[in-house]
Amino acid sequence: MGMILISALSMGAIGAVLAGFLAFADKKMKVEEDPMVEALTGALPGSNCGGCGFAGCRVFAEALMKGNALPNACVAGGSETSKAVAEIMGVDAGSMKRNIAVVLCKGGNNEAERRATYRGEMTCTAETLTGADKSCSYGCLGLGECVDACKFDAMAMNENGLPVVFYDKCVGCGACARACPRNIIEMHPEDHKLFVYCRSRDKGAYAKKVCKVACIACGLCVKDCSAPGGIALKDNLAVINHDVAPQNDESIKRCPTKCILYGIEESVTRSNYFASIRK
Amino acid sequence: MESLKFVRKPKRPLPQNNRITDQRTLDAKEINPNAEQPSQAATRLIVSSSPHFLNTESVPKIMHNVVTALLPATAASVYFFGWRALLLIIVCVVACLATEYAFQKIRKQPIKIHDGSAIITGMLLAMTLPAGFPIFGAILGSVFAIGVGKQLFGGLGYNIFNPALLGRAFLMATYPVLTTTWVWPRTMEKAIDAVTAATPLVMAKFEGKFDVPIMDMFIGNTAGSLGETSAIAIILGGLYLRYKGYINWKLPLGYLGTIAVFSAIFWYVNPAKYPSPLFHLFAGGAMLGAWFMVTDMVTSPVTSLGQWIFVIVAGILAVVIRLFGGLPEGVMYSILFMNAFVPLLNKHTRPKVFGEVKAQKG
Amino acid sequence: MGHKTFARGVHPSYYKELTAGKRVEAAALPKTVTIPLQQHAGAPCEPLVKKGDLVTEGQKIGDVKAFVSAPVHSSISGKVKDIELSQHPGGFRSLSIIIEGDGTAKEWGGPAKDLSSISVDALKDSIREAGIVGMGGAAFPTSVKLAPPKGKAIEAVILNGCECEPYLTADHRIMLEEPEKVVWGLRALMKTLAAPKGFVGIEENKPDAIEALRKAIGSSTDIQIIILEAKYPQGAEKMLIVAATGKKVPVGKLPLDVGVVVNNVGTAAAIFEAVNWGKPLIERIVTVSGNGVKEPRNLKVRVGTSFEEVLSQCGGLVEGGEVEVLNGGPMMGIAQPTLSVPVIKGTSGITVIAASVIKSSVYEACIRCASCVSVCPMALMPYKLGDFGKAFRTGEFKDWDGLSCIECGCCSYVCPSKRPLLQWIRLGKLKVRQEAQKAAAAK
Amino acid sequence: MNNIVKMFLNLIVIGALSGIILSGVFGVADPMIKANKERELKEAIFVVLPGAKDFKVLEKTVGQEKLIVYKGIDENGAPVGVAFKADGGGFQGNIGLMVGLETNYLKLRAIEVLEQLETPGLGDRIREEAFKDQFKGLEVKPKVEYIKYRKPEKPNQIQAITGATISSDAVVKNINRAVEKVVANFPQEEMTRAEAAPQAAPKEAGNGK
Amino acid sequence: MANSLGYEFKKGLWQELPPFRLVLGLCPTLAVTNSAVNGLAMGLATIFVLFTSNILISLVRKTISAQVRIPAYVVIIATLVTVADLFLAAVFPDISKSLGPYIPLIVVNCIILGRAEAFAQKNSILPTAADTLGIGIGFIISLTIMGTIREVLGFGSIFGVKLLGEWFEPWIVMILPAGAFLVFGGLVALVNWISSRKAEKAASAAMSR
Amino acid sequence: MELILIFISASLINNFVLTYFLGICPFVGVSNKTENALNMGFATTFVMTLTAAATWPIYNYVLVKFNVPFLQYVAFIIIIAALVQFVEMYIRKASPSLYRALGIFLPLITTNCAVLGLALFMVMREYSFLESIVFGFATGVGFTLAIVMMSGIREELEFADIPKHFQGISITLIIAGMMALAFMGFAGLIRG
Ligand SMILES: Cc1cc2nc3c(=O)[nH]c(=O)nc-3n(C[C@H](O)[C@H](O)[C@H](O)COP(=O)(O)O)c2cc1C
Ligand SMILES: Cc1cc2nc3c(=O)[nH]c(=O)nc-3n(C[C@H](O)[C@H](O)[C@H](O)COP(=O)(O)O)c2cc1C
Ligand SMILES: Cc1cc2nc3c(=O)[nH]c(=O)nc-3n(C[C@H](O)[C@H](O)[C@H](O)COP(=O)(O)O)c2cc1C
Ligand SMILES: Cc1cc2nc3c(=O)[nH]c(=O)nc-3n(C[C@H](O)[C@H](O)[C@H](O)CO)c2cc1C
Ligand code: SF4
Ligand code: SF4
Ligand code: SF4
Ligand code: SF4
Ligand code: FES
């Protein structure tokens, strides 16, 4: 009996001491924290297992806040935690129009001239460090750095050496646009449908010589556009003002090189693309 | 959360594993035949990043030279242990090559077994085994050495530990008795009547005897693993490599020097209890380790200071294990242990950048 | 006997015998020239002429107010045909003035003036006005080097006659054929900078040039010739300075911080012509060499002449197969995607490398052989920098001193796995630069 | 403040409950655990002292160290030998032995391995009968020795296990060390003295001490 | 978060299979799995603690204030572990011996506190029971598999029954620490491979539609 | 001498991580960057030394005295938890810069079974007070050594071409296995 008493008393005492200690700590040493980090930390398991690769749950929460971690990195909590975290962090997805990536070059292997052969690290940025082998100094180099940058499997290189964006997969993160050293990819709201698929600011004669589908700045689309100022020529290139130009196909009809196109991108979804390849 | 992985780039996939392919030439020539050159239509211009001159060294060249350098030791092992030694070497080499081939095939990588590095691993692994070692064990060791020790890290160049030694360490842990069951060399069979032989180091450790004539150890006339017996054959190969410029003198000499100096201290204190430095240099795997394993480029540091630290600590550890450890030989473990430090050494012993004035951050 | 040198470096095959014995010949007068408005480090020029204008040889056709810049001049007489973007030998496209020649050429010449009769300001002025830039490759405006910040005393001017690049012999020929100009130019540099000492650094494999310069210097002691080991990159500024004077240019500092200015021997000769003859930098010696060109030669070429035209005067390219046409030597030169690019002020050579020597297009994993580490003249860790650069890991790239790389290419040269280390390091530098720009823009 | 009270209550209650539960469980389990230990000890002693039916515990304190020997007696109370523990480091960790020595301190009766961490299949073969049997009747004067690869030649020699020389060596060293201590500290007369015959009923667990 | 009980149970068997998918509780997994029996025993001990402690925690979760959450849970867990330890020592002394200090270390097994924090603390008893049973059974299975592999290769036997014939030369490394790491690493890779195969199949099924 | 032997034994020969499998979770979790690993190692060493110093008297003067050794697990874990928390708060107050470097790793240590294992081994082996402290410190050093070595290797492997399914913890554990093989060389280094 004595032992039971001793045990109960000593454990109770330890508990009391600990509680006092923690109460004291709670009052005296509390450090003000970002409420968002608090909320995130609360949503995490708190077992500080380190499984996420960060030193404990709080650090992980801070990394989440800074955008250095993915919500699903916590292994201990599993899917529930990921969901909860995503909820807390959740940007109001519904209120924003989706952006998607548009590749503004159609000069692939079949259309554009390559005046030399490039050897070296096979990424687009690396190639731009040397005299690039493509004659057009604005066009896509075709080494797929953008495809590598896409973390959502929303891009692939086609047979013609040009990147394709899958309309159904792209989440509009813009990683591809940032990766492209030639700034060929632009992010656009998905209701933009009319694009000049060329970035060449070379004079028409040269542009035409090196690429069959270059914009040669002939000005026909500018004339055909029903809204004045919808399309303008700037630096030897037709530029569309999407706020003004009607998103239809009236201005593309007379383009001699077919570099201005309407609404082709949305038809490419991931599955129909791969289905077409398989055939 | 598994992301789907398909052929992301059909037709002309980006080079896998960073290999530069030459596909572009084909594309340009075939698809765009009228891409004209300003002059000399038949000559194609190449663009690449400088430098445009490269020297003529190549990985296969280096590796094949190492194989050549191992030939004297191979010959010596066959001379001392008979055809069984050759069989063991061949089995290891073939098993290593086969494992490498299988891995590269499974991973759909270009097959690179001709670069010779797996041959070296096989030869060196065999060199660390006793002549009577069973064939199945040799195969197991080779598969582990190449499969786990090298290919799991991504193949040549990425491994952290010396594959041959890892294979040997694995065998040591798997079959401790078989790996330490020695046979006498043919040349001294009738000298001793016992069934199993004892290497000089085993005798030193467990019987306190280290009276094996140094000359015998130098030539290879003692019991031991295939490659640990004939010091002269190994030195010959090592000098060849040094002459060819494939090894840095710091590594073998630093390692051997440390062993000699450190063991000399003990020897000086108590020559009756501790063997002489010469004994340490020529016994066991010290020579093989120093000339062929410490010098493995992949698993040794790249900086000068790092190399010094590597060999000195490894040398001390080898002597400590030999003199005080449970095992008679410490060369293998000393090298493996230091292999694990190589990344840290490389990172923290960077040379001072040209013109660097302030002290390097520690 | 060991000559003076620096630590590390490599010994590529030099192949200088192809052109070292050949006198400099004048190239044919080009029919048209394409003169890029950016032929130098620093701000590009703005055109001073319009389409259709008539220009004369030596007329200034482009200039800009910026301090770090140099004017450009017409290298022939004729009519401005166009001003447009065209391929630049640096691998980009730049605005260029295209001039159609009238077939006439001007005679330049005159006696050497007495240096003491010219004021420092006059010297500086004529150097700037003549558009003189460094002819050792980087094309840094020489006038900038001649205007050190106040309080920095220059103790020595070093002339760079190393020419450590394989194939190239332009500097060698200048020293051999016009040593007086070089010495005069050096003295002019010393005067403008008030430097008491002058050095000429020459690799030991050019004994005839050393002899010629010795003669030109005569008995005076203000100029000293330093014989250096033939090793690449002996000609790199920092390596030359440490070999010649034992001083190390600190990281992130300029030679003038250790009281030294380095100039190419060709630059010195150009200064002679500019000051004595009033001839701007419209012509330079170009070594055309390599195993891909039929008749290697040393040519005196007008700036703006297309590579194609220069090469055709050397028998043209070897037929068939693949070649690399380089602006410069094989170690640092820039490969050209087209032959329509013009020779510019910094074109010290056109090297053509044919298939047999072209880099293999495959590389292997790094086997950590340490070769790159042991040759890097800047004592960097190229194999790591390559990895960081390739992966755009700018933080680590900077931590491992990637920005100190002088892009000499020794690391790529020695790598047995044929890894394009320097290209990756360039990627890393590019990303660092871009990030810095972004950070600056954000402010 | 409510919260703080709650904190205190939480921890005190949980702590106290834990104490109660544990002491309860301990109360039940402890006798059983002790019995297990006792049985183990007894079994080991009887193994190394064949013929013993009971034992008597003798204790001595030498310096810091407490020496314990178990004097085995047969049904008549006649001493059959002394048993004692011998510990010491082996290849991987401690090797704990129970050693049975004849009362004349000349020969071993048997040994038993109580505890060892040696490599399975190698060093742990010291637990095999073949190895332990070698110690039966082994002379301890001048001391126990091991010999490698060959059959023992002298009456104080055993053959080491091939590939586990170190473990064999450790066993031998442990025995020598322990025997030496026992011999030095427990006069032989103490051992040869007869004891009262053991009661028929097995002893109550827990008072072996 | 209203998942069915069946789901909560099943996810521990594959989706969150510890310790391969849910990388927690590595220490016991590696340490005690040198034979199938040990693995099983450890698994059982763990599931006992996991189940009871999480049920308790789920019961009291509302009454415990946030600041003392972890200490309170730890006390509960440690109490239960002590119970398990005493029980094993009293009833199965052999197993208790071979598991050694790893039983008390269940206290700090990350799985238990991890599940307590991640699940029990937020859910009522039934889902908690399903979750812990699933996770616990997954853990038992994993440990037993690890133990089996190591025992078969290291001793040539399974649950102590000789499986491979005399020809088999046991791989002693499998019983050593190194073997534990290697086998575990290999199993993790295997699990990765299987799950990526599954995902690929699912994806290609979706695509062919 | 005894103390030196304990030190070598606990840090090298019987390295907690590589031979007793204690503290594997942080060993795997926090070994991806050398800086983190080093700080984690320091923090653990510190806590381990303190734990040894704190649990020894409690065990010997309280639990044994009152004859309630069965409370040791509960008591130890509470002491450790409190200790870690106390250290964390103290450092946060005393030196914010040190806290930034170390503090974040401290919570991780509570659930590091190496710390509890240390206390248990200490009791089991009946170390004296001084020996316990050396043991605690040496164990921490051994942990630091292992985790720092691993972090160096993992940093190097970031650029390696590891087969997909082996990436991450799989290869980490396999490397740990190789390190365990290498550490086997120390076996038997110290014998009685
Ligand atoms: C790797 C490397 C090699 C160089 N080699 C030479 C050379 O051989 N000759 C030379 O005149 N300049 C060479 N330079 C350029 C010099 O560093 C320096 O810029 C030049 O000598 C300055 O003179 P300048 O401004 O008159 O051109 C080299 C530069 C680098 C980075
Ligand atoms: C931003 C910048 C400023 C420089 N300023 C000076 C200067 O004030 N004085 C000088 O002598 N050189 C100056 N230099 C020139 C360098 O020292 C060096 O000669 C030039 O970059 C060409 O060297 P290289 O041919 O070795 O590459 C400057 C270079 C750069 C990039
Ligand atoms: C994995 C491994 C485990 C070992 N385990 C033991 C052991 O338990 N006991 C032992 O005495 N030696 C052990 N050894 C030591 C070696 O077998 C050592 O070489 C041997 O003791 C030498 O004795 P021998 O002369 O009988 O071969 C082990 C070695 C290795 C590599
Ligand atoms: C000088 C030299 C020594 C080598 N030593 C070894 C060795 O000890 N073990 C081995 O497996 N491979 C060795 N190799 C081959 C190769 O480097 C090795 O297979 C790589 O470690 C595999 O990535 C050596 C290569 C060279 C050039
Ligand atoms: S990287 Fe982002 S923006 Fe670009 S295609 Fe992929 S998901 Fe779309
Ligand atoms: S779009 Fe840009 S990044 Fe993508 S392949 Fe073309 S050049 Fe490269
Ligand atoms: S890292 Fe830069 S400086 Fe060093 S060798 Fe390579 S290119 Fe030259
Ligand atoms: S030279 Fe090449 S293989 Fe050697 S260390 Fe450098 S990058 Fe690696
Ligand atoms: S189970 Fe030991 S640290 Fe996680």
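Protein chains get the first letters and strands the later ones, always in sequence-line order, with residue 1 at the start of each.
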Task: Test side-chain contact (heavy atoms from CB on, under 4.5 Å) applied to Glu155(F) and Leu344(B), step by step - done: CA-CA 9 Å; Glu155(F) 273 185 11; Leu344(B) 287 175; over 6 Å; no
- [ ] Run the numbers on Phe159(F) and Tyr158(B) for ring pair (Phe, Tyr, Trp, His ring centres under 6.0 Å), then give the verdict.
- [x] CA-CA 8 Å; Phe159(F) 296 99; Tyr158(B) 294 122; 9.5 Å; no
Open item on the list: Please determine whether side-chain hydrogen bond (donor to acceptor under 3.5 Å, both in side chains) holds for the pair Glu156(F) and Asn346(B), giving the CA-CA distance in whole Å, both sets of side-chain angles, and the decisive distance to 0.1 Å.
Closed with: CA-CA 10 Å; Glu156(F) 188 79 16; Asn346(B) 282 342; 5.0 Å; no
Open item on the list: Between Phe341(B) and Val148(F), is the side-chain contact (heavy atoms from CB on, under 4.5 Å) condition met? List the steps.
Closed with: CA-CA 9 Å; Phe341(B) 275 105; Val148(F) 169; over 6 Å; no
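Using a 4.5 Å cut-off on side-chain heavy atoms (C-beta onward), Phe161(B) and Ile175(F) make contact. Side-chain contact check for Phe183(F) versus Leu336(B): every heavy-atom pair is 4.5 Å or farther apart. At least one side-chain heavy atom of Leu152(B) sits less than 4.5 Å from a side-chain heavy atom of Ile174(F).
For Ile160(B), the part sitting under 4.5 Å from any heavy atom of chain F is the side chain, from C-beta outward, and nothing else. Contacts between Ile153(F) and chain B at a heavy-atom distance below 4.5 Å involve backbone atoms as well as side-chain atoms. Using a 4.5 Å cut-off between heavy atoms, Ile335(B) makes no contact with chain F at all. There is no contact between Glu329(B) and chain F, counting heavy-atom distances below 4.5 Å. With a threshold of 4.5 angstrom between heavy atoms, Val320(B) approaches chain F through its backbone and through its side chain.
One distance of note links CZ of Phe153(B) with CG of Asp161(F); it measures 13.0 Å at 0.5 Å rounding. In this structure, the separation between CE on Met332(B) and CG on Leu181(F) is 8.0 Å, given to the nearest 0.5 Å. Taking CG of Asn339(B) as the reference point, atom CE of Met149(F) lies at 9.5 Å (rounded to 0.5 Å).
Listed here is the closest heavy atom pair of Pro343(B) and Gly152(F): CB-O, 3.3 Å. Between Met184(F) and Ala173(B), the closest heavy-atom pair is CE-CB, 3.6 Å.
Under a cut-off of 6.0 angstrom, the local environment of OH in Tyr101(B) is sparse, with at most 12 non-hydrogen atoms contributed by other residues, nucleotides or ligands. Remark: Phe137(F) CZ is loosely packed, at most 12 non-hydrogen atoms of other residues, nucleotides or ligands lying under 6.0 Å away.
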